[in-house]
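Remarks on the structure that follows.
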Amino acid sequence: MAQLTLHDSLTRSTAPFVPLDPAHVRVYYCGPTVYDLLHIGNLRAMLTADVLVRLLRRLYPRVTFVRNITDVDDKINARAAELGIGIAALADGTIAELHADLAAAGVLPPDIEPRATHHVGEMIALIASLVASGYAYAAEGHVLFSVRHFPEYGRLSGRNPDELLAGARVEVAPYKRDPGDFVLWKPSTSELPGWDSPWGRGRPGWHIECSAMAERYLGASFDIHGGGSDLLFPHHENERAQSLCGYPGSSFATVWLHNAMLNVEGEKMSKSLGNFRTIRDVLQDAPAEALRLLLLGTHYRSVLDFTRAGLDKARHTLDRFYRAIQHSGADAEGPVPDEVLHALCQDLNSPAAIAVMHRLADAAMAGRQSAGEGLRAAGRLVGLLQADPEQWFRAGTDADAVEQAIAERLAARKARDFARADAIRARLLADGVVLEDGPAGTTWRRA
RNA sequence: GGUCCGGUGGCAGAGUGGUGAUGCAGCGGACUGCAAAUCCGCGAAUGUGGGUUCGAUUCCCGCCCGGACCUCCA
């Protein structure tokens, strides 16, 4: 069996992945904050996790993948107030949209998708334990984690706690003992969502939810924790501090996986630049597999540039793969080719796996059915090539009308009236249908 | 200011201490009424200056350039 190696952000090195329990691999990913539709940056993180989990499921007998939903947060409060609805209603609606978008994008659902608001009790218990053991303190209705009590603080993100605040852009709240201390619990006014706690009515800080939910579903020590690289600090650094101090003797995550960010047409995606692309938006004008192939075309730890041209190219590549499958006569999946598995096992090297798929496509095009079957199998491992080729090439077209036009054109060609034949072909092309004349007659597909 | 990451052919994008994947684009050819698709062939790259080494794109140092993060953005 291929040995999986992964890059660990904590050690900043790539090493063989050794599960705590080979019979049961456990993965936690930080999921979205549900106040708006998912964008393609969110999707990149989800997709990295998706490929990781698909691969782990091939390599190990049992995998539990937990991806949380943050449904209590100041941004949610603000948006709910803006819309004049409750946070639960906003969260429920957003979660339904999120599930629809991810299903459309071909992202498999996690095994467990815990919501923060359903685990406030666990968070309060964890905070109480941190207070009792001296790692946290209450002040003015807040509970704060005391960074100075955790000597390893800063190790994950490579930061020196003493220097951390030197360039910070925020004012330090007066109730903090050290500027780097972060909030575990904060008070809520009567109009804000809140829960009763030993420190009064309030709501949890952002970081504590992941510590509590990861422990609840995976145990205090588990295998892989992932998320976008922007979460490395402070979110993951803080989670790690909370969990290591709150669950003595535990190791929290063995491997920390972080995917790089995504740009749009060369610029950072941001609301102010107006280049924010939601999944839904992109799927309006490209098949989901094209979006997926585009994202997998760059290694997850490199910054990826999302471009319209790239999306079109991805679609043409898929045309080539589907054509090869069709040509090889592969109507079923074969075993996953070793080269593909091997590529993915090298720290999820999806671009290398895609390169192998191109070679398989060459062989399939040459008529090797087993190559076509291998291509399909490789596709499934990375969530591609799941459509029926016929469907892929002809979805959204009026087959009867096209067949009729082809018959007319054939008659024109037989009469050597090429002007008329070409006019028919041009008309179909304008309607998004491409004709291909082969020895066996004329075939067609959408452009 | 601090920390970190990266600079590979026209473009996208892997890998590697010893003749630099893969795709797109380009060029020549086959096929075609013309195309499309497919096939054959061709040209084309490791930011910069040093160091280590028999040999560096790969390791080390300086420089230049780009990017990310620095308290709640995947």
Side-chain angles (χ1 to χ4, degrees), chain A residues 9 12 29-33 36 38-49 70 73-75 147 154 157-160 162-173 176 179-183 186 205-209 226-235 237-238 258-263 266 268-271 276 293-294 297-305 307 309-310 312-314 316-317 319-320 323-324 327 343 346 349-359 361-362 365-366 413 416-419 421-422 425-426 429 434-439 442-445 447:
Chain A
S9 303
R12 289 171 184 73
Y29 248 77
C30 290
T33 301
D36 208 345
L38 291 183
H39 57 254
I40 55 177
N42 291 306
L43 181 62
R44 192 177 194 202
M46 307 272 183
L47 216 50
T48 303
T70 299
D73 172 273
D74 288 350
K75 280 196 294 293
V147 164
S157 56
R159 283 156 215 277
N160 178 337
D162 296 332
E163 294 170 358
L164 213 51
L165 273 294
R169 310 174 188 139
V170 291
E171 281 180 46
V172 176
K176 290 188 179 183
D181 291 352
F182 57 90
V183 170
K186 54 187 159 189
W206 178 34
H207 319 298
I208 198 70
E209 63 173 79
S229 65
D230 54 342
L231 296 182
L232 234 163
F233 187 86
H235 187 52
E237 187 73 60
N238 292 355
H258 289 97
N259 61 277
M261 300 292 97
L262 166 156
N263 293 151
K268 179 173 175 168
M269 184 169 70
S270 71
K271 288 194 170 156
F276 222 74
L293 179 62
L294 172 60
T298 299
H299 184 86
Y300 77 94
R301 287 194 289 114
S302 296
V303 175
L304 177 154
D305 193 21
T307 62
D312 291 340
K313 264 170 51 178
H316 288 133
T317 299
D319 283 348
R320 172 171 144 76
R323 192 176 291 126
H327 203 82
Q346 306 303 306
N349 193 337
S350 52
I354 292 166
V356 175
M357 289 170 72
H358 276 287
R359 290 201 283 276
D362 288 338
M365 194 62 81
R413 289 178 72 204
R416 301 198 65 79
D417 181 356
F418 294 122
D422 290 351
R425 186 168 63 192
L429 183 60
V434 179
L435 298 190
E436 293 173 353
D437 298 327
T442 300
T443 60
W444 60 276
R445 61 184 165 86

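Lettering follows sequence order; numbering is per chain, from 1.
Distances from the side chain of M269(A) to the nucleotides G23(B), G33(B), A74(B) place A74(B) closest. Closest to the side chain of P351(A), out of A35(B), A74(B), G13(B), is G13(B). Considering only the side chain of F418(A), G33(B) comes nearest among G33(B), C70(B), U22(B). Comparing A36(B), U38(B), G33(B) by their closest approach to the side chain of R323(A) singles out U38(B). Side-chain proximity of D73(A) to the nucleotides C72(B), G2(B), U38(B) is greatest for C72(B). The side chain of S302(A) lies closest to A14(B) when the candidates are C72(B), A74(B), A14(B). Side chain of D422(A), nearest nucleotide from C72(B), G33(B), U38(B): G33(B). Considering only side-chain atoms of K313(A), the nucleotide from A74(B), C11(B), C34(B) that sits closest is C11(B). Closest to the side chain of D230(A), out of U71(B), A14(B), C69(B), is C69(B). Of the candidates A35(B), G13(B), A36(B), the closest approach to any side-chain atom of D437(A) belongs to A35(B).
The C1' atoms of C60(B) and G2(B) are separated by 24 Å, rounded to the nearest whole Å. To the nearest whole angstrom, the two P atoms, one in A36(B) and one in G29(B), are 15 Å apart. The separation of G7(B) from C39(B), taken at their C1' atoms, amounts to 37 Å, rounded to a whole angstrom. Separating the C1' atom of C59(B) from that of U53(B) is a span of 10 Å, rounded to the nearest Å. A68(B) and C54(B) have their C1' atoms separated by 40 Å, given to the nearest Å. Taking atom P in both C63(B) and C72(B), one finds a spacing of 32 Å when rounded to whole Å. Spacing of C1' atoms, U38(B) relative to G43(B), comes out at 22 Å, to the nearest Å. With both ends at atom C1', the span from G9(B) to A21(B) equals 13 Å, rounded to whole Å.
Remark: A35(B) base-pairs with no nucleotide in the shown strands. Criterion, Watson-Crick or G-U wobble with two distances under 3.5 Å. Across all strands shown, G26(B) pairs with C42(B); the Watson-Crick or G-U wobble distances both stay below 3.5 Å. When both distances must be under 3.5 Å, the Watson-Crick or G-U wobble mate of U3(B) is A68(B).
With hydrogens and angles ignored, no donor-acceptor pair closer than 3.5 Å exists between the side chain of N238(A) and the base of C72(B). Residue H39(A) places a side-chain atom within donor-acceptor reach of the base of A74(B), judged by atom type and a 3.5 Å distance cut-off alone. Taking only distance into account, the side chain of N263(A) never meets the base of G67(B) through a donor-acceptor pair shorter than 3.5 Å. Side chain R425(A) to base C34(B): a donor-acceptor pair is found below 3.5 Å.
We find that CG of L294(A) is positioned 14 Å from C1' of C11(B), with the value rounded to whole Å. Rounding to whole angstrom units, CG of residue L429(A) and P of A37(B) are separated by 11 Å. Atom pair R12(A):CZ and G6(B):P shows a separation of 12 Å (rounding to whole Å applied). In this structure, Q346(A) places its CD atom 18 Å from P of A21(B), rounding to the nearest Å. Taking atom CZ of residue F233(A) and atom P of nucleotide A74(B), one finds them 17 Å apart after rounding to whole Å. Distance CG (L304(A)) to P (G7(B)): 15 Å, rounded to an integer number of Å. Rounded to an integer number of Å, the gap from R301(A) CZ to A74(B) P is 21 Å. The nearest whole Å value for the distance from the CG atom in D417(A) to the C1' atom in C34(B) is 14 Å.
Using a 4.5 Å cut-off on side-chain heavy atoms (C-beta onward), L429(A) and V434(A) make contact. Residues E209(A) and D73(A) form no side-chain contact, since every pair of their non-hydrogen atoms from C-beta on lies 4.5 Å or further apart. Side-chain contact between R320(A) and D362(A): present, with at least one pair of heavy atoms (C-beta onward) separated by less than 4.5 Å. Using a 4.5 Å heavy-atom threshold, the side chains of T298(A) and R44(A) count as touching.
Using a 4.0 Å heavy-atom cutoff across all strands shown, M365(A) reaches sugar-phosphate atoms only and no base atom. At the heavy-atom level, N349(A) lies under 4.0 Å from the strands shown only through sugar-phosphate atoms. Using a 4.0 Å heavy-atom criterion, one finds that G158(A) contacts the sugar-phosphate atoms exclusively. Within the 4.0 angstrom heavy-atom criterion, base atoms lie near A355(A). H358(A) comes within contact range of the sugar-phosphate backbone alone, with a heavy-atom separation under 4.0 Å but no base atom that close. H299(A) comes within 4.0 angstrom of the backbone, heavy atoms only, and of no base. L435(A) comes within 4.0 angstrom of a nucleotide base, judged by non-hydrogen atoms across all strands. At a threshold of 4.0 angstrom between heavy atoms, the contacts of I40(A) with the nucleic acid are absent.
Taking CG of N238(A) as the reference point, atom CD1 of I208(A) lies at 9.5 Å (rounded to 0.5 Å).
Proximity of S229(A) to the phosphate of A68(B): no side-chain N or O atom is located under 4.0 Å from OP1 or OP2. Between R413(A) and G33(B) there is no side-chain polar atom (N or O) within less than 4.0 angstrom of OP1 or OP2. Taking side-chain N and O atoms only, K268(A) has a distance below 4.0 Å to OP1 or OP2 of C69(B).
Nucleotides of RNA chain B nearest to G41(A) and Y300(A) differ in position, and the one nearer the 5' end is that of Y300(A). Of the two residues contacting RNA chain B, namely T317(A) and E436(A), the nearest-nucleotide position lying further toward the 5' end is that of T317(A).
Using cut-offs of 30° and 60° on the angle between ring planes, the pair W206(A) and H235(A) is parallel.
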Exercise. Going through the distances and angles, do H39(A) and N42(A) end up as a side-chain hydrogen bond (donor to acceptor under 3.5 Å, both in side chains)?
Worked result: CA-CA 5 Å; H39(A) 57 254; N42(A) 291 306; 3.0 Å; yes
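Under 4.0 Å is where a charged nitrogen must lie from a carboxylate oxygen, and between R413(A) and D422(A) no such pair does.
For N349(A) (side chain) and A343(A) (main-chain N/O), no donor-acceptor pair under 3.5 Å exists by modelled atom type.
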